[in-house]
Amino acid sequence: MFPCWTLLLDAHTWCLQAASMDHNLQYWRREGQSFFQRLFHWVDILDPSSLLASDGEIKNSRSLLESKEQANKDELKVKEAWKLSLSSVHPDTGSVLPLVFRPPAFLPVAAPLVIATLLPHKGVKPALFWQFLFQSYSAGFNYVNRNATSCKDERIPLKQVLLFVGSVSYATCAGVLPQLAMNRYGLNSPAMQSLFRRIVPVPLFASLSALSVLVVRGEEFENGIEVVDSTGNVVGVSQTAGMKAVKETAISRAALIGTTAAVPNVIVSFLQRTSFIKRNPLVLAPFRHITTALVLGLMIPISFSLFPQSGKVMKEDLEAHIQAATTEPDLYYHRGL
């Protein structure tokens with residue numbers, strides 16, 4: 001736990017003033033305006049042990065945070081309540097997130113998929129299989145953790161289903177292009193192997209990860225998302241804010257996957273020149289897998305922290321009807337994850 005958690009108890013009065021805003025967004029508004037603040041909190045929130053909490057425990061934690069007697073409760077219980085709420089509850093709907101799509105589940109689920117996707121496959125079929133699993137999970141995570149104010153209907157619209165299927169299908173097919181090119185044209189020389197196995201996948205996978213966010217969350221910049229004032233009151237629905245939220249998330253996801261694909265390749269390239277690896281070449285494969293998992297684990301909290309969860313935008317940058325609806329210079333929106 002980090003010392004800044006204790007500030008939440010002293011700020012109970014401010015939270016009551018923003019009663020119309022979800023508690024998770026209140027928290028990020030107060031404690032997540034700097035990169036290092038966000039990073040420290042995400043390291044704590046991403047603790048996989050929170051996945052063991054039942055829905056009842058999560059709802060009890062929310063009830064504790066909503067209680068006016070929160071400041072009189074045991075400090076440790078309040079800290080745990082915030083941790084469960086931030087890791088398990090969607091701030092727009094107040095509903096408990098599906099287990100596998102909660103932020104703490106991202107590393108345990110995505111790590112084996114990323115490792116398998118980045119393997120030097122011998123054929124197209126295994127590459128296609130792992131790409132499909134990874135892209136499906138990524139698209140599901142992007143959709144579940146989106147800004148949900150653009151669509152109040154609990155049913156998923158047909159258009160959204162088509163966008164989801166199209167995103168997964170396109171990313172899966174595009175992801176196997178390096179393997180397909182190598183098999184189709186017999187690119188077996190060391191230079192071509194290095195190009196298509198180590199260099200091309202880095203920008204390709206980063207771009208596909210960003211594209212998945214842009215497509216799956218397209219309704220946010222098409223329909224707009226809610227923007228609120230400093231007290232949490234909804235001022236209006238803004239397409240500009242929706243585009244900003246989606247772009248920021250797409251950049252963070254590209255940074256996550258691109259770095260995870262690039263760093264192990266760079267390290268392995270240096271290790272291959274060492275005498276130890278030349279004598280023990282079988283060590284290289286497991287080392288690559290472990291390095292990939294470690295880099296992914298380090299990059300998840302960093303990428304989640306690149307932009308604030310409660311984003312701020314100047315009123316002058318928004319639509320005319322938003323500017324006319326408030327006198328406050330800055331407005332806020334939920335970026336999503």
Side-chain angles (χ1 to χ4, degrees), residues 25 28 32 35 38 42 46 90-93 97-98 100-107 109-111 113-114 117-118 131-151 156-157 159-175 201-227 238-262 296 299-311 313 333-337:
L25 292 180
W28 287 119
F35 169 78
R38 296 191 294 271
W42 273 121
L46 291 170
H90 195 289
D92 292 330
T93 64
L97 296 169
V100 295
F101 294 125
R102 296 176 193 172
F106 191 84
L107 178 61
V109 177
L113 299 180
V114 171
T117 300
L118 295 174
Q131 278 285 346
F132 173 75
L133 291 183
F134 173 65
Q135 298 299 343
S136 297
Y137 178 73
S138 295
F141 186 88
N142 295 336
Y143 182 75
V144 169
N145 291 278
R146 72 196 187 285
N147 181 305
T149 62
S150 60
C151 182
I156 302 177
K159 180 180 178 180
Q160 186 62 50
V161 174
L162 296 176
L163 287 174
F164 187 96
V165 173
S167 171
V168 172
S169 301
Y170 178 82
T172 299
C173 295
V202 174
L204 177 62
F205 291 169
S207 301
L208 292 176
S209 296
L211 180 65
S212 175
V213 175
L214 293 172
V215 174
V216 171
R217 294 179 53 178
E219 64 179 5
E220 294 176 37
F221 54 79
E222 181 179 343
N223 301 331
I225 61 175
E226 290 181 355
V227 290
S238 170
Q239 292 176 314
T240 302
M243 176 60 75
K244 189 171 185 291
V246 174
K247 280 185 176 180
E248 290 173 346
T249 307
I251 292 171
S252 69
R253 201 72 83 246
L256 169 62
I257 301 303
T259 304
T260 302
L296 179 66
M299 280 302 300
I300 289 174
I302 292 174
S303 65
F304 286 1
S305 305
L306 290 178
F307 300 97
Q309 284 300 104
S310 180
V313 60
Y333 61 90
H334 172 220
R335 177 175 69 84
L337 191 63

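Residue numbers run from 1 in the order of the sequence given. Computed over heavy atoms, backbone and side chain alike; hydrogens, waters and symmetry mates excluded.
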So do [Y] and [X] actually touch side chain to side chain, heavy atoms under 4.5 Å?
| X | Y | result |
| --- | --- | --- |
| P103 | I300 | no |
| R253 | T249 | yes |
| R335 | L337 | yes |
| Q160 | V216 | yes |
| T260 | V114 | yes |

Value rounded to 0.5 Å, distance of [atom1] in [X] from [atom2] in [Y]:
| X | Y | atom1 | atom2 | result |
| --- | --- | --- | --- | --- |
| N147 | T93 | CG | OG1 | 10.5 Å |
| F307 | I251 | CZ | CD1 | 4.5 Å |
| L113 | L118 | CG | CG | 11.0 Å |
| S167 | L214 | OG | CG | 9.5 Å |
| Y143 | E219 | OH | CD | 5.5 Å |
| M243 | E220 | CE | CD | 10.5 Å |

Subject >> Pairs touching residues 204-213 that satisfy side-chain hydrogen bond (donor to acceptor under 3.5 Å, both in side chains), sequence neighbours left out >> reply: N142-S212
Original post:
Do R38's NZ or CZ and the ring of F35 fall within the cation-pi criteria of under 6.0 Å and 45°?
Top reply: no
Subject >> Y170 atom OH, neighbour heavy-atom count above 12 within 6.0 Å >> reply: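 Not buried by this count: 12 neighbours or fewer within 6.0 Å.
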Subject >> Over 12 non-hydrogen atoms of neighbours within 6.0 angstrom of CZ in F132 >> reply: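 Result for CZ/F132: open.
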What is the minimum heavy-atom distance between [X] and [Y], and which atoms define it?
| X | Y | answer |
| --- | --- | --- |
| A171 | L208 | O-CD1, 3.6 Å |
| F106 | Y137 | CA-OH, 3.6 Å |
| P98 | V144 | CD-CG1, 3.7 Å |
| A206 | G258 | CB-CA, 3.8 Å |
| A174 | L204 | O-CD2, 3.5 Å |
| A110 | L296 | C-CD2, 4.1 Å |

Check: [Y] main-chain N/O paired with [X] side-chain donor or acceptor under 3.5 Å:
| X | Y | result |
| --- | --- | --- |
| R146 | R217 | no |
| D92 | A148 | yes |
| Q309 | H334 | no |

